[in-house]
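Single-structure report; data block below.
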Amino acid sequence: MTAQLPEPTPRPVPSGELRASHDDREAVVEQLRDAAAEGRIDLDELDARLEQALTSKTYGELELLTADLPKPPSSAAENLPPLVLKGGMYGASRGPARWEVPGHVIAHAGVGGASLDFTRAECRLTEVVVEAYGETSGVTIVIPDGWAADTTGMDPGFGGLKNKTTPDRLPGTPLIRLTGSGGMAGVMIRHPSKRERRKLDGSATWD
């Protein structure tokens, strides 16, 4: 019998080659219009860049259109320091109670495990980088329905990565960019379970 060769491991996709969404293109269109209103680019240049923005397919193509323009002012959430969770011996968690999401979250499972629940979080960002390390007991990440996750930058490690999210992203919702390593116990990212949804629906009236 002919020995089967192992399937090649998919390479992580560089951020510039990731596919851009309608919201990403619209954000660049708004930045270009603002630049024209401020006199940074003329109308002919604006028309040419708008046409390219609306037909761009990747982040890299969009970035070229605004590379010579000042970045828009960052929101207060972007200035928040990274949130660091350390599972240690007894575990660590954030959520589902309300919390403000910074642009960078780091979760170390340690021996006790770590969990991140974004279902009631306050997030004003279009993207959030979640750096998860499964280590000994694993990391669980829960994101609301309508949020999407990009896991191409994640090293599954020995424990693996379980992505149970859907690719359907609602307009105006953040994208979770998952990086880090599965370690020994792995990392899971998912949407709320039926039980968690019932709890969320029951607590909504108390907000």
Side-chain angles (χ1 to χ4, degrees), residues 9-13 15 18-19 21 23 77-78 80-207:
T9 303
R11 68 175 180 86
V13 179
S15 59
L18 292 173
R19 291 280 176 156
S21 68
D23 287 345
E78 289 178 320
L80 290 174
L83 168 65
V84 180
L85 284 181
K86 294 184 178 181
M89 289 294 295
Y90 303 104
S93 63
R94 178 57 60 98
R98 292 200 181 281
W99 58 287
E100 189 169 6
V101 180
H104 192 184
V105 181
I106 305 168
H108 290 274
V111 177
S115 63
L116 280 166
D117 190 334
F118 290 87
T119 51
R120 300 189 69 203
E122 184 178 347
C123 186
R124 301 183 178 91
L125 303 170
T126 57
E127 290 186 11
V128 177
V129 175
V130 176
E131 197 176 332
Y133 298 94
E135 297 173 347
T136 305
S137 295
V139 176
T140 299
I141 304 161
V142 183
I143 63 175
D145 296 317
W147 290 26
D150 171 18
T151 62
T152 55
M154 182 79 186
D155 174 9
F158 184 80
L161 166 68
K162 293 182 180 178
N163 181 4
K164 297 186 175 181
T165 64
T166 62
D168 304 320
R169 181 182 174 193
L170 294 177
T173 60
L175 176 70
I176 302 297
R177 291 199 183 278
L178 189 59
T179 67
S181 171
M184 291 294 294
V187 173
M188 175 188 287
I189 184 166
R190 61 178 175 81
H191 296 300
S193 64
K194 290 182 179 179
R195 177 174 172 272
E196 289 166 336
R197 286 192 180 95
R198 284 197 297 269
K199 289 183 69 175
L200 286 167
D201 291 342
S203 64
T205 57
W206 295 96
D207 293 341

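Remember, it's a predicted structure, so these values are computed and weren't measured experimentally. Numbers here simply count residues along the sequence, with the first being 1.
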Got a second to check how far Cys123's SG is from Ile143's CD1, nearest 0.5 Å? 11.0 Å

Would you mind telling me which of Val128, Val139, Thr151 makes a side chain to side chain contact (heavy atoms under 4.5 Å, CB included) with Leu178? Thr151

If you compare all heavy atoms of Ser181 against all heavy atoms of Gly157, which two are closest, and at what distance to 0.1 Å? OG-CA, 4.3 Å

Quick check: do Asn163 and Met154 have side-chain heavy atoms less than 4.5 Å from each other? no

Ignoring hydrogens and angles, tell me if any N or O in the side chain of Arg177 forms a donor-acceptor pair with the backbone of Asp150 under 3.5 Å. no

Shortest non-hydrogen contact between Thr173 and Gly146, atoms and distance: OG1-O, 3.1 Å

Atom of Ala109, atom of Gly138 and distance for their closest heavy-atom approach: CB-O, 3.2 Å

Going from OG1 on Thr119 to CG on Leu200, what distance comes out if it is rounded to the nearest 0.5 angstrom? 4.5 Å

Separation between CG (Leu116) and CD1 (Ile106), nearest 0.5 Å, reads 11.0 Å

Donor-acceptor contacts under 3.5 Å from residues 182-190 side chains, at least two apart:
from, atom 1, to, atom 2, distance (Å)
Arg190, NH1, Glu196, OE1, 2.8
Arg190, NH2, Glu196, OE2, 3.1

Once rounded to the nearest 0.5 Å, what's the spacing between atom CG of Asp168 and atom NE2 of His191? 8.0 Å

Hey, what's the ring geometry for Tyr133 with His108, parallel, tilted or perpendicular (30° and 60° as the breaks)? parallel

Any idea which heavy atoms bring Pro81 and Pro102 closest together, and the distance? O-CB, 3.5 Å

Side-chain atoms of residues 86-96: list all donor-acceptor pairs with protein atoms under 3.5 Å, sequence neighbours left out, distances to 0.1 Å.
none

Mind checking the CG-CH2 spacing from Leu175 to Trp147? Nearest 0.5 Å is all I need. 10.5 Å

Sub-4.5 Å side-chain heavy-atom contact between Phe118 and Pro174: no

Flag the pair Glu131 / His104 as yes when at least one side-chain heavy-atom distance between them is below 4.5 Å, and no otherwise. yes

For Ile141 versus Ala132, what's the shortest heavy-atom pair and its separation? CD1-CB, 4.3 Å

Applying side chain to side chain contact (heavy atoms under 4.5 Å, CB included), run through Asp117 and Trp99 and close with a yes or a no. CA-CA 10 Å; Asp117 190 334; Trp99 58 287; 5.6 Å; no

Rounding to 0.5 Å, atoms CG (Leu125) and CD (Glu100) come to a distance of 8.5 Å

Show the nearest heavy-atom pair for residues Pro167 and Ala148, with the distance to one decimal. O-CB, 4.2 Å

Under 3.5 Å donor-acceptor, Arg120 side chain and Ala97 backbone: no

